[in-house]
Amino acid sequence: MIAELGHYALMLALGLSLIQSVMPIVGTRNNDAVLMSMAVPTALAQFAFVAISFLALATCYVTSDFSVLNVYENSNSAMPLLYRLTSVWGNHEGSMMLWVSILTLFGALVAVFGVNLPIKLKANALAVQAWIAAAFELFILATSNPFLRIANAPFEGRDLNPVLQDPGLAFHPPFLYLGYVGFSIVFSLAIAALLEGRIDAAWARFARPWVLGAWMCLTLGIAGGSYWAYYELGWGGFWFWDPVENASLMPWLAGTALLHSAVVMEKRGALKVWTILLAIVAFSLSLIGTFLVRSGVLTSVHAFANDPTRGIFILAILVCFIGGALALYAWRAPLLKQGGLFAPISREGALVFNNLFLTSACATVFVGTLYPLALEALTGDKISVGPPFFNLTFGPLFLPLLVAMPFGPLLGWKRGDLLAAAQRLLAAAVLAALAIAGGFALQHGGPVLAPFGVGLAIFIMAGALVDLAERTMFLRIPPAAMMRRAIGLPRSAWGAAFAHFGIGVTLMGIVAVTAWGSERIAALKPGGTIDIAHFRLTFDGTFVRPGPNYSDLVGRFTVFRAGGELLGAMEPSRRTFPARNMATTEAALMTRRLNQVYLSLGDPNPDGSVPVRLYFKPLVLMIWLGAVIMFIGGALSLSDRRLRIGAPRPAKAAALQVPAE
Amino acid sequence: MILWCIFAVMTAAAVLAVLWPLGRRRQRFGGGSDVAVYKDQLQEIDRDRAGGLIGDAEAEAARLEVSRRLLAAAEAHRPPDSSVATQRSLRLRRIAAVFALIILPFGAPALYVALGSPNIAGEPVFARVNTSQGSESVASLVGQVEAHLARNPNDATGWELIAPVYMRLGRFDDAVLARKKALALKGETATRQADLGEAEVAAANGVVTAEAKAVFERATALDPHEAKARYFLGLAAEQDGKTDAAVSIWRTLLAEAPPNAPWVGFVRVALARVSGTSAAPGPNANDVADAAKMSNDQRNDMIRGMVANLASRLHDNGADVEGWLRLVRAYAVLGERDKAKNAAADARRALADHPEQIKRIDDLVEGLGIKG
């Protein structure tokens, strides 16, 4: 019965989204506040019904109701509670439900928290959001219905894909989707503004919290996915330029560009046309990402041809929304008035520089991801565009961006002084030079460029600190006054410094791992030892450890420092899942400060030896730590009081405001 | 009935959400405006100026810019009408109400009647545990029987007992093994042969393999009236593309069926699927047709996935002759003759040390008619 309630709730949500997508727009056209105000309760009700639907599906999963086909195919009653829950989004139908749930959640958030939005903008934006929701609800009901039933319920389900039975997968997709779908609100706001034909500097302020929120979640989602691939897939790498990864990187690049161009639009009224375009592009790339991952195009063009209904449906959604949005843009954009002028050397100039390089980088990823697909579809030739392509194109585009990054925040608006900025960055440059020299002194046999990479990372981190020091007049005024300045500093300034610092941290991790990481592959018999970096591992033997719905063939290793000090044990394993007749690699990780030793097992050889892959990954944790710092930066920026400006306050509260505020 | 009552309540809530704003007479329309943003920006310029983030001249220019925007925004700000409802907007509101009253209480249930399955009760596993038939008790029972059989591998009744449980649990490979044991220990009957064939078909994800077909033929040789075997022989003909043969097998089967045979509806649906006519009316013909359609849609996917898995496994470890046999057969069933031939060639290479196994591959290739 619960499944049927969820099914029906989804249908009601579809009905509500149809009403929500028409009435508010009719209201704005006729300047009728009552019709416009319909957007809010319908958005809330639509979210409530989608939430009921999602919870119903989750209940079926948690209680292992195998009379639901989707549950039978993707779950198993022996799985631990966490995986029974996460298998809701470990499959196509369920993940589309999550997608729509988040989509309507954002609609409801705008309805509740968008109090500072002008009423027409809000009504139109909620209507556009409802178009998207309606399209995807229809998609689910027509081609990917998770509520189909089986008359005679089987006793046991077919289990979740073992690769996905991992805590990393519990949190990575929801965050990724929050990011992907978060850009839908920005898209809706952009379309709403184009519909109304009024786009001005204030729009950027209104859109900013939503851009920030989406960007933060996407950052964490990408980092989580990268960490999951790192330890679960057993390859030991953190980024593979895999099309699925690229699909999430593209909206991130566009979103980062949008985040920066929106600042210019807000402060100076310039770059309006460009910012609106980026808002459309960021969500379009999210949609393309969904299409790539969900249609089966990625596994092969043939897989797509085998089940074309879904793919063609998503393709149709894609064409309607992206094509429609760009057409509307082409029609309305020329009507926009351009904003103020500025000199090339200025904060605005630096942000334009940032946008040029970020969007070019995004374009290279786009080409590298889609070109092989297009080629295979047209000619049938299979080519693979791998890391070499991206290292040759993406790297050189990102390098100038990273070098210029510390300069941007130090330049003034309208007309900056590059020389003064360079002088202020002198301390950072000195630190970087020391790091490069130190790198060369300590390095034996690593790549020549590695110390420069470390120098750049130090430069970026120090640059972010210099920015903060400059603003708080560090060491130039008494500490008490400095503290006051630090507290008085806009949170967005803190946020920017944090985010830039995070980039430096991530870069440091990437450089260290790629330049100084080491790898050993060997077949070990019990009692054998293997050395890596300054560690020595002894193989004690294998044993079998049963799990709830799998059994582990565990290899036990004891880890010593080269001097002989005992550091602990590592237990990598091969995990076999009988329900799917599949095996996964469970790597063992030993964390020493920010470094990790990474150990994974192969299938045992007939002679009793076990193949092992052993990696030493120096500073590898910094890669993901940087992403967390970026997230915190985003959160700081999101808490900036300016983002709440424009919300009408009750008269009483306004009277109590301190004048100095 | 309870279900439909809850549906009614949900629908009413949805309608209410739409009608509520329409019903309010006087209301305050909140909503921010651009003006507040620009006022704040003016203050911000002062703060930036004090912090040395912008030069004096630039600050003055920026202040001018923002002031211009502020003026424009204040002029454009026209609060929407709420008190004076024009004739036109009243009509629009009425249309909105009618729209909501049609789409929600009629559209959603219509869609549900088309797609929903209100008659299937939920069967969460914990509820089954409460009725002492839970999967946990099934699992422990199965474990006990398995332990018993490990000790007494010649207990034919044990094998016969556990085989249908394996089938229900989806452990088809185990079911095939159990059926074979029972057959060997208890002797051949048409029913046992047919059951074995059924398990083999299930293990091959619904494909009637050559092996299974031989088993069914053996069963009908023992007893020409064995209905299950005949049904599957019809299915085999259908999968071979011999639709006419399938139709004639199933027609005869239906014609000779005892009046109350439980499988009649099943055969009718299969017949309808092949001959393109609608299924005979029955209480749950719809459900069965749905199920058949579902498994049809997914069968191809499933087989292809299975075949890909198998191929990659054999690529890593080629010493598995059963695996090679299955792979070649699967390609043949999918109609991919070249791949079947290539797989056979790979198998011969991988099994070069075992002439007797190569012979089995060659036999299969011959049997499938993909030689040359």
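Protein chains get the first letters and strands the later ones, always in sequence-line order, with residue 1 at the start of each.
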What one should report as the nearest heavy-atom pair of A:Glu4 and B:Pro118 is OE1-N, 3.9 Å

Contact origin within [X] toward chain B - heavy atom pairs under 4.5 Å:
X        : value
A:Ala3   : neither
A:Asp200 : both
A:Asn145 : side chain
A:Ala9   : both
A:Met38  : both
A:Leu141 : both
A:Leu16  : both
A:Phe49  : side chain

For [X], is it the side chain, the backbone, both, or neither that has a heavy atom closer than 4.5 Å to a heavy atom of chain A?
X        : result
B:Ala96  : both
B:Leu111 : both
B:Ala61  : both

Could you walk me through whether B:Phe7 and B:Tyr112 pass ring-ring contact (aromatic ring centres under 6.0 Å, His included), step by step? CA-CA 10 Å; B:Phe7 283 180; B:Tyr112 181 77; 4.9 Å; yes

Chi angles and distances behind the side-chain contact (heavy atoms from CB on, under 4.5 Å) call for A:Leu411, A:Ser346: CA-CA 6 Å; A:Leu411 292 173; A:Ser346 63; 5.8 Å; no

Worksheet entry | Top contributor to chain A interface from B:Ala108, B:Ala59, B:Ala13 [non-hydrogen pairs under 4.5 Å] |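 So the answer, after comparing B:Ala108, B:Ala59, B:Ala13, is B:Ala108.
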
Q) Taking atom types as modelled, is there a side-chain donor on B:Tyr166 or B:Asp173 under 3.5 Å from an acceptor on the other? A)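 Note: B:Tyr166 and B:Asp173 side chains miss the donor-acceptor criterion.
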
Practice task
Apply side-chain contact (heavy atoms from CB on, under 4.5 Å) to A:Phe66 and A:Ser77, showing your working.
Solution key: CA-CA 9 Å; A:Phe66 298 124; A:Ser77 66; 4.3 Å; yes

Between [options], which residue shows the highest count of heavy-atom pairs closer than 4.5 Å to chain B?
options                    : answer
A:Thr42, A:Asp603, A:Leu12 : A:Leu12
A:Leu5, A:Val26, A:Ile52   : A:Leu5
A:Gly15, A:Ala48, A:Ala45  : A:Gly15

- Message: side-chain contact (heavy atoms from CB on, under 4.5 Å), that's the test. Do B:Val66 and B:Lys39 meet it? Break it down for me.
- Response: CA-CA 8 Å; B:Val66 176; B:Lys39 279 185 184 156; over 6 Å; no

Check: So do the side chains of A:Ser64 and A:Arg84 get within less than 4.5 Å of each other, counting heavy atoms only?
Finding: yes

Ion pair present between A:Lys120 and A:Glu196, side-chain N to carboxylate O less than 4.0 angstrom?
no

- Show your working on side-chain contact (heavy atoms from CB on, under 4.5 Å) between B:Tyr38 and B:Leu42 and close with a plain yes or no. CA-CA 6 Å; B:Tyr38 297 130; B:Leu42 282 176; 6.0 Å; no

Looking at B:Leu22, is its backbone amide N or carbonyl O close enough to the side chain of B:Arg93 to form a donor-acceptor pair, meaning the two atoms are under 3.5 Å apart?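 Not at all, since once roles are kept as given, no pair shorter than 3.5 Å links the two residues.
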
